[in-house]
Amino acid sequence: MASSIGVISMLFFKVVVCLCFFRLSQGKGTAKQPFTLRNLPPLEKASSFPAMRHTTYDYIVVGGGTAGCPLAATLSLKYKVLVLERGGSPYGNRNISYMENFHIGLSNTAPDSSSQAFVSTDGVINARARVLGGGTCINAGFYSRASSSFVQDVGWEADLVNESYPWVEDKVVQWPKIAPWQAALRDGLVEAGVSPFNGYTYDHVSGTKVGGTIFDANGHRHTAADLLAAGDPNNLRVLLHASVHKIVFNSRQGRLKPRAVGVQFADENGRLHQALLNNNKDSEIIISSGAIGSPQLLLLSGIGPKNDLKKHNIPVVLHNKFVGKGMADNPMNSIFIPTKSPPRQSLIETVGITEAGVFIEASSGFGQSPDSIQCHHGIMSAEIGQLSTVPPKQRSLELAKMYAHNKLNLPKEVFQGGFILEKIDGPLSTGHLLLIDTDVKNNPAVTFNYFSHPQDLSRCVYGIKTIEKILKTNRFAQLSPDGAGMERVLNMSVRANVNLIPKHANTTESLEQFCKDTVITIWHYHGGCHVGKVVDQQHRVLGVSGLRVVDGSTFSKSPGTNPQATVMMMGRYFGVKILRGRLGQACGV
């Protein structure tokens, strides 16, 4: 089974979304100074660390990802910071840098690839980033802010939030030149009643809008790694291929609670190193390893349910039954829409925000570069979907190769079309994360329990019915061939599906069953280190000192339609908060 999952992960790749913007009123009329990478710090291999063995740091950031990069850059303006990133550099990697190669990086399962595939116990294929810049290097680029109610619910300071978003946007976000498929969705949404049309905006507002993107006009991606250039290169050291095995604690007698003093990590050659904080009482380890990596690292470091830790012979530093609990992923279902002519490649640029808690987005086409994998449905690829009809123990590399070969004989029209996606906002269904072993490079077991809550299922049905309304609009009647009714596209979508969930005979007869059988992900998983259970309001880990978690693992709900905007903002926000806590409000950042 493990080898089958590896094969399936190797074949899969994704065409989805993530582009974000402001309202025109937010960015209009203000001439921005071009942001350059001139001050980007040197990106060094982790094996270079021995030459610096006597150096200590004010902050060690574990994970140079979506939150970790802006956080480290901000802290480096006043303090000495070490960033430990388990992956490599995004620079010079065409599969990261260019939208036309978007799916190639996601299909690469080499040990040093920028994307690490995992399959949840639910049978949904997923991915986590393994590269400097994190998820901003492998997502679909859509940028959209969280709602004001989200900011209020998490207890953040609105004024600082409203300063931190533009800090990100001025450096890596642009307005898209909207693609034809995205324009069609925009018109279809409004005609179907998802109104009003709110224009180009980063804001989370009900109705239809065009959001921002981290791809520029040439299809070149800008990532969170770029934000490191906003730091002080003299205070900022970045090590690549540095896999942190555990947090090191000082638990000597007389200390009220264990204190984090350093980390143990392996370099690209497997050699172990130890990086230490200085003796300042305010120095900290900050974990920004994402919703999979952060709870995993806490568990490997001895913070978590004691019985689970003992199963793996991990010394218990602190019993906390909530670490790894409350994991959630926004379930997504997708409808394949055949078209009269091949649509141009597009990732998500348009979104419909419904009052029912359902988001409608779209993607189309596949990359046309010489390197591109041709005749592929992207994240909904039939290579993987067909395997879901085969019992798990019978899935094999040979079977996958046979299907992929036979697919070359299919008429090109099968791959001529686009997808309309519906996804659930704030799923009520939750699961958990458990260690499989003590190797930090291996994925833990993750369960999301998609659609276990009936309200999530009813919202999915609402989303599918909304897509049906869109298909009946005049705009889509012009795009689709005759006979492309809902029954036909549902059947096509089941066959083009990409999960390992067994299908039922009535999958297309019951929309509830269709939702369950064809659920996929758009990588918005979160949880495992919730505020009030694992960390406090300032994201300090409860029960120990000198340790924080700053990333999406602290969320009980994914922010906005797509989280990358808020996760990048979050890194800047907490960097400023920490500096102000040490230096006062007039800290000059």
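Counting from 1, the numbers follow the sequence of the chain as shown.
- Nearest heavy atom pair, residue D551 against residue S553, reads OD1-OG, 2.6 Å.
- For the pair R237 and T55, the minimum side-chain heavy-atom distance is 4.5 Å or more.
- The only member of I578, I285, L82 that meets side chain to side chain contact (heavy atoms under 4.5 Å, CB included) when paired with Y59 is I578.
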Next item on the list: Determine, step by step, whether R540 and E284 satisfy the salt bridge (Lys or Arg N to Asp or Glu O under 4.0 Å) criterion, reporting the C-alpha distance in whole Å, the side-chain angles of both residues, the deciding distance to 0.1 Å, and the verdict.
Entry: CA-CA 10 Å; R540 294 172 297 215; E284 292 180 321; 6.0 Å; no
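- Listed by chain and residue number, T447 satisfy the side chain to side chain donor-acceptor pair (under 3.5 Å) test with T121 (two or more places apart in sequence, or in another chain).
- For the 3.5 Å distance criterion, the side chains of T66 and T136 fail to qualify, holding no donor opposite an acceptor.
- Of all non-hydrogen atoms in V534 and G528, the two that sit nearest each other are CG2-O, 4.0 Å.
- For the 3.5 Å distance criterion, the side chains of N278 and D58 qualify, holding a donor opposite an acceptor.
- Applying the side-chain hydrogen bond (donor to acceptor under 3.5 Å, both in side chains) test between S47 and each of H241, R271, E268 identifies E268 as the sole match.
- Checked options N139, T213, D216; the residue passing with R221 is N139 (criterion: side-chain hydrogen bond (donor to acceptor under 3.5 Å, both in side chains)).
- Across all non-hydrogen atoms, the minimal contact from N235 to S76 is ND2-O, 3.0 Å.
- A donor-acceptor pair shorter than 3.5 Å cannot be found between the side chains of Y525 and S558.
- Ion pairing between a basic and an acidic side chain is recognised when a charged N comes within 4.0 Å of a carboxylate O; E100 and R94 show such pairing.
- The number of heavy atoms from other shown groups lying within 6.0 Å of CG (D437) is above 12.
- Closest non-hydrogen pair, H432 versus K325, comes out as CB-CD, 4.0 Å.
- Within the cation-pi definition used here (under 6.0 Å to the ring centroid, within 45° of the axis), R582 qualifies as a partner of Y79.
- Between the Q116 side chain and the K441 main chain, a donor and an acceptor come within less than 3.5 Å of each other.
- Below 30°, between 30° and 60°, or above 60°: for H539 and F574 the angle between ring planes is between 30° and 60°, a tilted geometry.
- Counting only heavy atoms from C-beta outward, the side chains of I292 and V446 approach each other to under 4.5 Å.
- For H204 and F359, the distance between ring centers is under 6.0 angstrom.
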